Amino acid sequence: MLLKRITQQELSKRTGIPQSDISKIVNDEKEIWLLTAFKIADAVGCTVDHLWGYKYRKR
């Protein structure tokens with residue numbers, strides 16, 4: 001959100017997720033469900049992997 005300069009209110013409008021839930025997710029007070037993660041990733045133009053900072057390593 002910071003890199004895209006999107007407020008919690010704007011993210012709420014884009015995703016349909018209540019702003020209070022977004023606040024709880026950001027502050028680690030609520031676990032994020034996969035569907036919610038996809039909605040947020042889509043709204044900010046990135047992947048779910050990017051949201052979690054996951055990098056795939058080839059073996």
Side-chain angles (χ1 to χ4, degrees):
M1 287 174 23
L2 293 175
L3 292 175
K4 299 289 183 171
R5 297 181 185 222
I6 298 173
T7 64
Q8 290 182 9
Q9 292 82 7
E10 179 62 27
L11 187 58
S12 176
K13 288 178 188 175
R14 291 183 185 191
T15 61
I17 300 166
Q19 185 274 325
S20 59
D21 285 351
I22 292 171
S23 177
K24 289 176 184 174
I25 291 167
V26 168
N27 292 306
D28 289 327
E29 297 170 2
K30 180 180 177 104
E31 291 189 25
I32 187 170
W33 290 75
L34 187 56
L35 180 58
T36 303
F38 276 110
K39 288 180 182 180
I40 292 171
D42 187 50
V44 297
C46 71
T47 65
V48 173
D49 290 349
H50 182 121
L51 287 178
W52 265 284
Y54 178 78
K55 292 185 179 182
Y56 176 74
R57 294 186 299 172
K58 291 183 180 180
R59 292 179 188 209

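Values in this document were obtained by computation on a predicted structure and should not be read as measured data.
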Within a radius of less than 6.0 Å around CD of Glu31, do more than 12 heavy atoms belonging to other residues, nucleotides or ligands occur?
no
Just jot down the side chain to side chain contact (heavy atoms under 4.5 Å, CB included) partners of Glu29, sequence neighbours excluded, or say none.
Lys24, Asn27
Determine whether Trp33 and Ile40 fall in the same hydrophobic cluster, where Ile, Leu, Val, Met, Phe, Trp and Tyr are linked whenever their side-chain heavy atoms lie under 4.5 Å apart.
no
Same cluster (ILVMFWY, side-chain, under 4.5 Å), Val44 and Leu35:
no
Taking side chain to side chain contact (heavy atoms under 4.5 Å, CB included) as the test, write out the residues that go with Asp28, two or more places apart.
none
Show which side-chain atoms of residues 12-22 pair as donor or acceptor with protein atoms under 3.5 Å away, not counting sequence neighbours.
| residue | atom | partner | partner atom | Å |
| --- | --- | --- | --- | --- |
| Ser12 | OG | Ile17 | O | 2.6 |
| Ser12 | OG | Gln19 | N | 3.4 |
| Arg14 | NE | Glu10 | OE2 | 3.1 |
| Arg14 | NH1 | Ala43 | O | 2.9 |
| Thr15 | OG1 | Leu11 | O | 2.8 |
| Thr15 | OG1 | Ile17 | N | 3.1 |
| Gln19 | NE2 | Gln8 | OE1 | 2.6 |

By side chain to side chain contact (heavy atoms under 4.5 Å, CB included), Ile25 pairs with (sequence neighbours left out) Lys30, Ile32, Thr36
